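Notes for the one structure printed next.
As a basis for the values below, the full set of heavy atoms in this structure was taken, side chains included, without hydrogen atoms, waters or symmetry mates. The shown structure was predicted, so the numbers you read here are calculated from the model rather than taken from an experiment.
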Amino acid sequence: MRGARRAAVAALVLVSATPAGVRELGAQTTAGTCATANIGGFSGEDACVKARDIFAFVMPQVGVALSGGNPVLGEGGTLGGWGKRALSLRVTAVDGRVPANAVPIRLTGAARSNLGASRVPVPVPSVDAAIGLFAGLPAGLTNIGGVDVLLGATYLPDVTENGFSVAPQTSSVALSYGIRVGALQESWLVPGVSVSYMRRRLPTTALGYTAGNDSISVRNLAATSNSLRVVASKRVAIFGFAAGVGRDQIENTAGVEAVVNETVLNQQTRALVSLFGLRNAVTRNSAFANVSLGLGLARLVAEFGWSGAGDADPTTNTFGGRAANEGYRFGSLGLTVRF
């Protein structure tokens with residue numbers, strides 16, 4: 001079973017690049033039929049179930065990193081009308097977990113295994129912008145009803161190393177968009193308060209791994225987040241503070257093919273396993289806070305947040321006491337410029 005183990009362990013590093021799930025388990029992660037061929041009378045069910053469980057455990061963390069907290073770091077209220085803009089460069093990372101143990105793939109049927117969990121950061125870099133459209137209506141020391149359009153981009157590079165490859169299938173950049181409506185415009189006395197909606201995506205990606213004569217390929221790996229946020233902010237001299245709460249709808253999809261060559265009972269066996277239709281969807285609540293330091297026209301911003309657990313998503317295999325769809329801490333570091 002050495003080749004299957006190598007392929008499965010590599011898949012953990014690839015954020016779910018293993019053969020896909022065989023059935024629906026719970027409300028969040030679904031999979032089409034696991035197709036096997038040339039498997040010599042043995043079963044591919046164990047590989048399929050383990051792959052489904054790994055996908056269910058890891059991919060929601062990618063969605064949390066994609067969603068982040070504040071749609072534009074350090075900004076709470078609207079900008080104040082046409083021609084005013086804010087640009088933010090940032091990296092958001094989840095205090096994540098990935099399977100830690102070697103994966104024992106059995107060809108005699110599905111078996112429950114403890115795959116363990118190692119602590120690793122799960123990062124997503126992005127560029128976000130807010131563009132003022134409408135200043136809002138005057139109301140005492142503030143304006144109400146201001147409108148900003150929100151734009152963003154997430155970048156994914158090509159990577160090839162030690163038999164492992166990551167390559168965007170169409171473009172290295174995925175665009176995001178949204179809108180922000182102000183309840184209060186920030187002034188010297190009044191904090192800024194706004195409600196926003198943002199739709200973010202990762203570039204559709206192909207992953208590949210070759211270890212000896214085994215190979216895994218993942219096609220059409222995609223992650224999408226729809227985020228609703230309520231944020232309040234206030235600047236005092238060179239310091240800025242913002243805090244907010246929100247709700248995220250996160251969806252991940254993929255299709256997987258694997259080739260595993262094994263010697264079983266002194267006979268060479270070549271197993272082909274494939275699935276197209278793997279999907280994970282979850283809704284999470286989040287809360288976050290920003291602290292910023294003024295540097296001329298720019299502000300250095302740190303964000304700390306928490307994404308609450310989604311609905312339970314039972315898995316056949318275990319992850320060292322961790323559960324699929326549990327809550328995760330996340331943080332961002334970035335630079336925001338108004339101009």
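- Between the S187 side chain and the L141 main chain, a donor and an acceptor come within less than 3.5 Å of each other.
- With hydrophobic clusters built from ILVMFWY side chains whose heavy atoms lie under 4.5 angstrom apart, L79 does not share a cluster with L184.
- Judged purely by atom type and a 3.5 angstrom limit, N290 uses its side chain to pair as donor or acceptor with the backbone of G74.
- Although no hydrogens or angles enter the test, the distance criterion places no donor-acceptor pair under 3.5 Å between the side chain of S286 and the main chain of W306.
- Although no hydrogens or angles enter the test, the distance criterion places no donor-acceptor pair under 3.5 Å between the side chain of E186 and the main chain of G76.
- Side-chain atoms of Q169 and N220 include a donor-acceptor pair closer than 3.5 Å.
- Rounded to the nearest 0.5 angstrom, I238 CD1 and L293 CG are separated by 5.0 Å.
- Using a cut-off of 4.0 Å between Lys/Arg side-chain N and Asp/Glu carboxylate O, R200 and D248 are scored as not salt-bridged.
- The main-chain N or O of V72 is never found under 3.5 Å from a side-chain atom of E75 such that the two would form a donor-acceptor pair.
- T318 contributes no side-chain N or O that, together with a main-chain N or O of G320, makes up a donor-acceptor pair within less than 3.5 Å.
- Checked by atom type and distance alone, the side chain of S113 never pairs as donor or acceptor with a backbone atom of L115 at under 3.5 Å.
- Dense packing is recorded around CZ of R322, with more than 12 heavy atoms of other residues, nucleotides or ligands lying under 6.0 Å away.
- Side-chain contact of N226 with Y197: a donor-acceptor pair under 3.5 Å is present, judged by distance alone.
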Query raised in the report: Could you walk me through whether S292 and R299 pass the side chain to side chain donor-acceptor pair (under 3.5 Å) check?
Result: CA-CA 6 Å; S292 62; R299 303 189 75 84; 3.1 Å; yes
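- For S233 (side chain) and F241 (main-chain N/O), no donor-acceptor pair under 3.5 Å exists by modelled atom type.
- Classification of D53 and R112 as a salt-bridged pair fails, no side-chain N sitting under 4.0 Å from a carboxylate O.
- A continuous path of ILVMFWY side-chain contacts below 4.5 Å connects I131 to F134, so both sit in one hydrophobic cluster.
- At most 12 heavy atoms of other shown residues, nucleotides or ligands fall within 6.0 angstrom of atom CG in L297.
- The hydrophobic clustering, which links ILVMFWY residues whose side-chain heavy atoms are closer than 4.5 Å, places V58 and V124 together.
- Within the 3.5 Å criterion, the main-chain N or O of F288 finds no donor-acceptor partner in the side chain of E303.
- Side-chain N or O atoms of N285 include none that pairs as donor or acceptor with a backbone N or O of G308 at under 3.5 Å.
- No chain of hydrophobic side-chain contacts below 4.5 Å, direct or via other Ile, Leu, Val, Met, Phe, Trp or Tyr residues, connects V291 to V91.
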